[in-house]
Amino acid sequence: MRAPVDAVAQRKTRAQPDLAAGAGGMTGAVITTYAARFASMIAYVVLLPVVLAAFGAEAYGLYMLTVAVGALFQQDLGVGGATTRFIGVAAPSNDFARMRRVAAASNMFFLATAVILSSATVLVFALTIPRTQFSPELTDTAWILAALGVANVFILLSFSANRQILTGIGRLNDVNYLLIGLAVFRVALTVLVCWAGIGIVAVAAVDVLGILAFGIATYVLRRRRAPQVTARPRDFRWSVFRELFAMSAQLMILGLAGVVIMQVGGILTALMLPIAYTALYAAGQRIYLLVKEVTNSLATAILPTASMREGGAAGASIGQMYLRGTSYANMLMTVVLVPVVVFMPEIMSVWLGPSGAGAAVVAQILVLSMFANNNHLLAVPILTAQGSVRGYAILHTIWAVTGTALAIVLGATSGLTGIAWGLTLPILLLEPFYIAIALRRLDLTVKGFAIRCLLLPFGTVAPVAAALVLVSLLDPPLVVIPVVGAVWAITATTLYYFIALDATTRSSLRSTLTRRLRGARTVEDSP
C-alpha cells in the first residue's frame with residue numbers, strides 16, 4: 001500500500017506549464033486593453049442620453065449619485081496592484097508556491113474588504129440621501145438604488161483577486177475580452193430596460209447582474225488558465241500578507257485619493273446644486289474619462305510587463321518603457337483631445353440637446369487638464385513595478401484635499417464650472433513634482449523627457465492644431481465636423497510618423513503591424 005502523498009508536494013513535483021507561454025505579447029495586451037476600456041467608456045457615453053431621456057434628469061441624477069458613492073468604496077485599497085506586481089515578479093521563474101501564497105493573502109484581504117467597505121457604503125448612503133434635493137415621490141427609488149449600489153461594492157470586491165492574478169500571469173487579454181462582453185451586456189440590457197420603461201431601478205439592477213456575471217467568469221477563467229495558482233487555506237502566510245499590505249498601503253492611499261478626485265465632483269454637485277445638475281456634471285466627466293482612457297489603457301497593460309521585467313524577464317528597461325510609453329500616450333491623446341476640445345459645444349449639443357451647454361464647459365475644463373495630468377499616468381505602474389509609489393501617494397493626497405476644498409469654495413460661487421475648476425487647478429501646479437519623482441527614480445534626464453514626451457508630441461502638431469481652432473471659429477455645419485476631425489487625425493498621425501518617430505521605431509511599428517495583419521503572435525513586444 002502506497003504512503004499518502006502530501007498534496008502540496010505533489011503539486012510541486014508535477015510538471016507545471018510556463019504561465020507566460022502563449023499569454024500574448026505586450027502589443028496584444030495594449031490592443032485588447034484599449035478595446036476593453038473604450039468599450040466600457042463608450043457604453044457609458046451611449047447609455048447616458050438614452051437613460052436620461054427615458055427616466056428624466058432627477059431619476060438619472062439619483063442613479064449617478066449612487067454610482068459615485070459606490071465607486072468611492074469599490075476600491076481594492078492598493079492590494080489589486082500589489083497582487084499583480086508580486087504575481088508578475090514571480091511568474092518568469094514559475095515560482096508557484098510564492099504565487100499561491102500571494103493569491104491566498106489577496107483572497108483573504110478582498111473578502112474581508114468586501115464586508116467592511118460595503119458596510120461603510122451603507123453608512124454613507126444613510127448620511128447623503130436624506131440631504132439630497134429630489135422630489136418626494138423618488139424617496140423609495142433612492143433607497144432601492146442605494147441598496148443595489150451596496151450590492152455592487154460587495155460583489156465586485158469579493159471576486160477581485162481572480163482578475164489581478166490573471167493580469168499578473170500575463171492573461172490580461174482574457175480579462176479584456178470579458179470586459180468587452182460586460183460592456184455589450186450592459187448596453188443591450190439597459191437599452192431594453194429603457195425601451196420597456198421599467199424604471200431607473202432596473203438600470204441599476206443590470207449593473208449588479210453584469211458585475212456578478214463578470215466576477216464569476218473571472219473565477220472560472222482563473223481556475224482554467226492558472227490551476228497551479230489555486231490557493232488553499234494552508235497556503236496563507238501572515239508574512240506574505242504583511243508584505244502585500246506594506247506594498248498596498250502606498251497604492252491604497254494613491255487609489256483612494258484618485259477616486260476622491262474623480263468622484264467628489266459628482267457628489268458635491270448633488271449636495272450643493274439641484275440633483276438635475278449631477279447629470280450634466282456626469283456628462284462632462286464622461287468625455288474627460290474617454291480622453292483619459294487613451295493613457296489609462298496603456299498603463300493597465302504596462303503593469304504586468306514592467307513587473308515581469310523587474311523579476312528578470314528580458315526586454316527594455318522600465319525607464320525606457322516610461323519615456324517611450326509617455327511619448328506615445330501624449331501623441332495618441334493629442335490626436336483625440338484637440339478636436340474634442342475644439343468642437344465640444346457641438347458634440348454636447350448633439351449628444352444631450354439644449355442642456356449640453358453646461359456639460360460642455362465642464363468637459364472642456366477637465367479635458368484640458370490632461371495636457372498636464374497625462375505626463376505622470378504611466379509612471380504609476382512603472383513605479384509600482386519597482387515597489388514604491390510613496391511620493392505619488394503624497395502628491396495625490398495633496399491634490400485630493402486641495403481640489404475638494406477649492407471645488408467647494410468655487411462651486412458655491414460659480415456652480416458647475418467652479419467645481420470643475422476646483423478639481424483641475426491643483427494638478428497644474430503639482431505635475432512638475434510628479435515628473436521630477438519619476439525622472440529621479442528611473443535615472444532619466446529632464447532634457448530627454450522634455451524632448452521625447454513634450455516637444456515632439458505637442459510641438460509637431462501645434463501649427464495644425466492652431467488651424468483647427470481657426471476652422472472652428474467659422475462655425476462649420478455639423479455634417480462637416482466629422483470630416484474636419486478625420487482630416488485632423490490623418491494629418492496629425494502622418495506628422496507624428498515621419499517627424500516624431502525615429503527610423504528604428506517606424507521600422508519596428510511596420511514589422512509589428514505586418515505580423516498582426518498576417519495573424520502572427522508577437523512575444524513580449526517592448527513599448
Compile the donor-acceptor pairs under 3.5 Å between side chains in residues 102-109 and protein atoms, sequence neighbours left out, one pair per line.
{"unit_1": "Ser106", "atom_1": "OG", "unit_2": "Thr83", "atom_2": "OG1", "d": "3.0"}
{"unit_1": "Asn107", "atom_1": "ND2", "unit_2": "Ala103", "atom_2": "O", "d": "3.2"}

Start with the C-alpha gap between Ile116 and Thr113, add the side-chain angles, then the distance that decides, and say whether side chain to side chain contact (heavy atoms under 4.5 Å, CB included) holds.
-> CA-CA 5 Å; Ile116 295 170; Thr113 302; 5.7 Å; no
Do [X] and [Y] have side-chain heavy atoms sitting under 4.5 Å apart?
X      : Y      : answer
Leu117 : Leu157 : yes
His396 : Val389 : no
Asn375 : Tyr434 : no
Leu501 : Tyr328 : yes
Val201 : Tyr63  : no
Phe185 : Leu209 : yes
Met333 : Val367 : no
Asp235 : Arg232 : yes

Backbone N or O of [Y] within a donor-acceptor pair of the [X] side chain at under 3.5 Å?
X      : Y      : result
Thr218 : Gly215 : yes
Arg237 : Arg234 : yes
Ser327 : Leu323 : no
Ser369 : Leu366 : yes
Arg186 : Val206 : no

How close do [X] and [Y] get, heavy atom to heavy atom, and via which atoms?
X      : Y      : value
Met370 : Leu337 : CB-CD1, 3.8 Å
Asp174 : Arg225 : OD2-NE, 2.9 Å
Thr334 : Pro457 : OG1-O, 4.3 Å
Asn373 : Leu377 : O-CG, 3.6 Å
Ala126 : Trp143 : CA-CH2, 4.0 Å
Asn162 : Arg222 : OD1-NE, 3.3 Å

Validation row, ring centre Phe159 to ring centre Tyr219 under 6.0 Å = no
Approximate separation, where rounding is to 0.5 Å, of [X] [atom1] and [Y] [atom2]:
X      : Y      : atom1 : atom2 : value
Thr402 : Ile261 : OG1   : CD1   : 8.0 Å
Asn173 : Leu178 : CG    : CG    : 11.0 Å
Leu65  : Ile129 : CG    : CD1   : 6.5 Å
Ile87  : Asp95  : CD1   : CG    : 9.5 Å
Leu221 : Ile165 : CG    : CD1   : 11.5 Å
Phe125 : Thr66  : CZ    : OG1   : 5.5 Å

Could you give me the CA-CA distance, side-chain angles and deciding distance for Tyr322 and Cys453, then say whether side chain to side chain contact (heavy atoms under 4.5 Å, CB included) is met?
-> CA-CA 10 Å; Tyr322 170 66; Cys453 300; 5.6 Å; no
Can you name the side-chain hydrogen bond (donor to acceptor under 3.5 Å, both in side chains) partners of Thr269, sequence neighbours left out?
-> none
Could you pull out all residues at least two apart from Thr84 that satisfy side-chain hydrogen bond (donor to acceptor under 3.5 Å, both in side chains)?
-> Gln164
Examine Arg98 relative to Phe86 and say whether NZ or CZ is less than 6.0 Å from the centre of the six-membered ring and inside a 45° cone about the ring axis.
-> yes
Show me the side-chain donor-acceptor pairs of residues 423-433 shorter than 3.5 Å, one per line, residues at least two apart or across chains.
{"unit_1": "Thr424", "atom_1": "OG1", "unit_2": "Ala420", "atom_2": "O", "d": "2.8"}
{"unit_1": "Glu431", "atom_1": "OE1", "unit_2": "His376", "atom_2": "ND1", "d": "2.8"}
{"unit_1": "Glu431", "atom_1": "OE2", "unit_2": "His376", "atom_2": "N", "d": "3.2"}
{"unit_1": "Glu431", "atom_1": "OE2", "unit_2": "His376", "atom_2": "ND1", "d": "3.3"}

List in chain and number order the residues that pass side-chain contact (heavy atoms from CB on, under 4.5 Å) with Leu156, two or more places apart in sequence or in another chain; answer none if no residue qualifies.
-> Gln74, Ser160, Ile211
Set of ring pair (Phe, Tyr, Trp, His ring centres under 6.0 Å) partners for Tyr281, sequence neighbours left out = none
Could you give me the CA-CA distance, side-chain angles and deciding distance for Phe449 and Thr445, then say whether side chain to side chain contact (heavy atoms under 4.5 Å, CB included) is met?
-> CA-CA 6 Å; Phe449 173 84; Thr445 65; over 6 Å; no
What do you reckon, is CZ of Arg390 surrounded by more than 12 foreign heavy atoms closer than 6.0 Å?
-> no
Do Val67 and Leu145 pass the side chain to side chain contact (heavy atoms under 4.5 Å, CB included) test, and can you show the C-alpha distance, the side-chain angles, and the key distance before you say yes or no?
-> CA-CA 9 Å; Val67 169; Leu145 289 173; over 6 Å; no
Would you tell me whether Asn152 and Asp207 have side-chain atoms, one donor and one acceptor, within less than 3.5 Å of each other?
-> no
